[in-house]
Protein chains: 2
Amino acid sequence: MDRRPGQRAGLTRERVLAAAHELLGAGGVDGLTMRALARRLEVAPNALYSHVPGKTALLDAVIDEVLAQVEVPAMDVADPVTGLHALMCSTYDVLLGHPDLVPLYLARNGARGANARHLGDVMLALLDRAGLREARAREALSVLIVYTIGFAAFTTGPPIDVPDPEPRAEQMRENFDSGLRWLLAGITAPSMRA
Amino acid sequence: MDRRPGQRAGLTRERVLAAAHELLGAGGVDGLTMRALARRLEVAPNALYSHVPGKTALLDAVIDEVLAQVEVPAMDVADPVTGLHALMCSTYDVLLGHPDLVPLYLARNGARGANARHLGDVMLALLDRAGLREARAREALSVLIVYTIGFAAFTTGPPIDVPDPEPRAEQMRENFDSGLRWLLAGITAPSMRA
DNA sequence: AGCTTAGTTGGACGGCGTACAGTTCGCAAG
DNA sequence: CTTGCGAACTGTACGCCGTCCAACTAAGCT
């Protein structure tokens, strides 16, 4: 801090979020502290509070930002179930790209930011095209979200006792896929369609 | 602390774990700190370290302890799928009884303690009787565990935006049940049986 | 030119987990 | 019955954490 009080440091909400993102990638959740963030931006810790309400809000923002990477299938995709499958797989992959973030994600159970809401809307639209409305649709929505985040959390956790993690990741990917197909089959079974 | 150094306080690993359990129930995860725990046991914070290696280990122990409450179906239950269903539902209910614990549970992804291992073995045995072996069985195991813990995490999280949480809990319980049935149906579909 | 206001700093508060050294007791061996 | 030892416990301290407050300064508007 070779700056005297009052001198601007060029801080922005965007710059703060970006730095937070980097810290998260480098040192995991434990590495992301207000002080470390300030250090990286060459600023006093308190300066952050002019751009972010607090740590919780910052985490929420970062979490939601990550969801922007999810590939949303075209709304007019031929088969809505295929679209849902692709959407959930993409979400799963994105989550795997930010392992330390997943537990947080789950603790807040599913970010409530703009991106999260958008994904939810897309899913509801696809479910609608698959024949599910209202309560049924919300039910299916919960199940799919929970399953995906839960599986990501499970996958990104510390390796249980297997020797090398490489085939494990692939194995988990397949497990995820299997379960997802079962769920989708159940969701769109004839008895479910209103 | 009206005790001078060296005087025994009658601490035991069991007493410590029990107090931790109580604190967890009363104040959630945030309420469980080494210092608060020591305060409740009328002891200096460091005294705990004679009975527990550290906070992480303590949490692991408490987490695994909770799993003891899960009702394990009789091994010779008529239908293994029904047994699995009952087992997962009991697990879900137990988890709901300790809301603040669930995120931790997921972060460590499924306790690795004695009780957790036992439950895993029971599930594998039931899956075996349902016709699943080896890789298939492990696959199904992952899916079921992830689904259950994930759903519990989702349910115990802060209410999204619904007005009153009472019907929500019931709703979620039904959602859980629906998804679970779909999963079990998929797992035991003819194509899966070796 | 002067005033307002937003951005930033130094410092502090209360809390956390836990390491280190010292004190004191219970208990087994002599 | 003494002695010695190891385990339990305390006091103190270190280095973190998130966040609030008052002071200060620079930029921008009038």
Side-chain angles (χ1 to χ4, degrees), chain A residues 1-63 100-101 103-104 107-108 158, chain B residues 1-63 100-101 103-104 107-108 158:
Chain A
M1 260 117 303
D2 47 353
R3 198 180 313 104
R4 297 218 306 290
Q7 308 222 32
R8 306 296 162 101
L11 238 44
T12 323
R13 181 179 162 87
E14 282 69 38
R15 290 228 309 133
V16 172
L17 287 186
H21 212 134
E22 289 172 31
L23 269 190
L24 214 44
V29 168
D30 295 344
L32 177 50
T33 69
M34 290 292 162
R35 297 174 131 96
L37 189 52
R39 216 174 299 133
R40 168 173 277 249
L41 290 164
E42 292 179 319
V43 140
N46 326 351
L48 303 174
Y49 288 81
S50 300
H51 306 269
V52 163
K55 185 171 189 182
T56 316
L58 182 142
L59 280 177
D60 280 339
V62 171
I63 279 177
D100 303 287
L101 211 141
L104 284 186
R108 290 178 174 28
Chain B
M1 256 118 301
D2 47 354
R3 199 182 310 104
R4 299 220 304 290
Q7 310 220 29
R8 305 298 159 101
L11 238 46
T12 323
R13 181 180 163 87
E14 282 70 38
R15 290 228 311 134
V16 172
L17 288 186
H21 212 134
E22 288 172 32
L23 270 189
L24 213 44
V29 168
D30 295 343
L32 176 51
T33 69
M34 290 293 162
R35 294 174 131 98
L37 189 52
R39 216 174 300 133
R40 167 172 277 252
L41 291 165
E42 292 180 317
V43 141
N46 326 351
L48 303 174
Y49 288 81
S50 299
H51 305 269
V52 164
K55 184 169 189 182
T56 317
L58 182 142
L59 281 176
D60 280 339
V62 172
I63 280 177
D100 304 286
L101 211 141
L104 284 186
R108 289 180 175 31

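Keep in mind that this is a model prediction, so the values were computed, not measured. Numbered from 1 within each chain, the chains take letters A, B, ... in sequence-line order.
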Write down the distance between CG (A/Leu41) and C1' (C/dT8), rounded to a whole number of angstrom.
-> 13 Å
Rounded to the nearest Å, what distance is computed from the CZ atom of residue B/Arg39 to the C1' atom of nucleotide D/dT10?
-> 16 Å
Counting only distance, no hydrogens or angles, is the base of D/dG18 paired donor-acceptor with the side chain of A/Arg35 under 3.5 Å?
-> yes
Give a yes or no on whether the backbone of A/Arg15 and the side-chain of A/Thr12 come within a donor-acceptor separation of less than 3.5 Å.
-> no
Could you run through nucleotides 21-29 of chain C and give me one letter per nucleotide, 5' to 3': B if any protein heavy atom sits under 4.0 Å from the base, S if only the sugar-phosphate is that close, - if neither?
-> -BBBB----
Please give, in whole Å, the distance from C/dT9 P to A/Met34 CE?
-> 15 Å
Rounded interatomic separation in angstrom, taking CG from B/Leu32 and C1' from C/dG17 | 12 Å
Could you give the distance from CG (B/Leu23) to CG (B/Leu37), rounded to the nearest 0.5 Å?
-> 5.5 Å
Looking at residues 47-58 of chain A, who's got a heavy atom less than 4.0 Å off DNA chain D?
-> A/Tyr49, A/Gly54, A/Lys55
Atom of B/Ala38, atom of B/Pro45 and distance for their closest heavy-atom approach = CB-CA, 3.4 Å
Can you find a pair of side-chain heavy atoms, one from A/Leu17 and one from A/His21, that are under 4.5 Å apart?
-> no
Across all chains, not counting sequence neighbours, the side chain to side chain donor-acceptor pair (under 3.5 Å) partners of B/Arg40 are B/Glu22
Starting at CZ of A/Arg35, measure out to CG of A/Asn46 and round the result to the nearest 0.5 Å.
-> 8.5 Å
In whole angstroms, how far is the P atom of D/dC9 from the CD atom of B/Glu42?
-> 13 Å
Which atom pair, heavy atoms only, marks the closest approach of A/Val29 to A/Asp100?
-> CG2-O, 2.7 Å
What side chain to side chain donor-acceptor pair (under 3.5 Å) pairs are there with at least one residue in residues 48-57 of chain B, not counting sequence neighbours?
-> none
Interface residues of residues 10-19 of chain A with DNA chain C (non-hydrogen, below 4.0 angstrom) = A/Gly10, A/Leu11
Residue that, paired with A/Val52, satisfies side-chain contact (heavy atoms from CB on, under 4.5 Å) out of A/Val16, A/Leu11, A/Leu59 | A/Val16
Is the shortest heavy-atom distance from the side chain of A/Leu58 to the side chain of A/Leu32 under 4.5 Å?
-> yes
For B/Ala9, all residues meeting side chain to side chain contact (heavy atoms under 4.5 Å, CB included), sequence neighbours excluded | B/Arg3, B/Val43
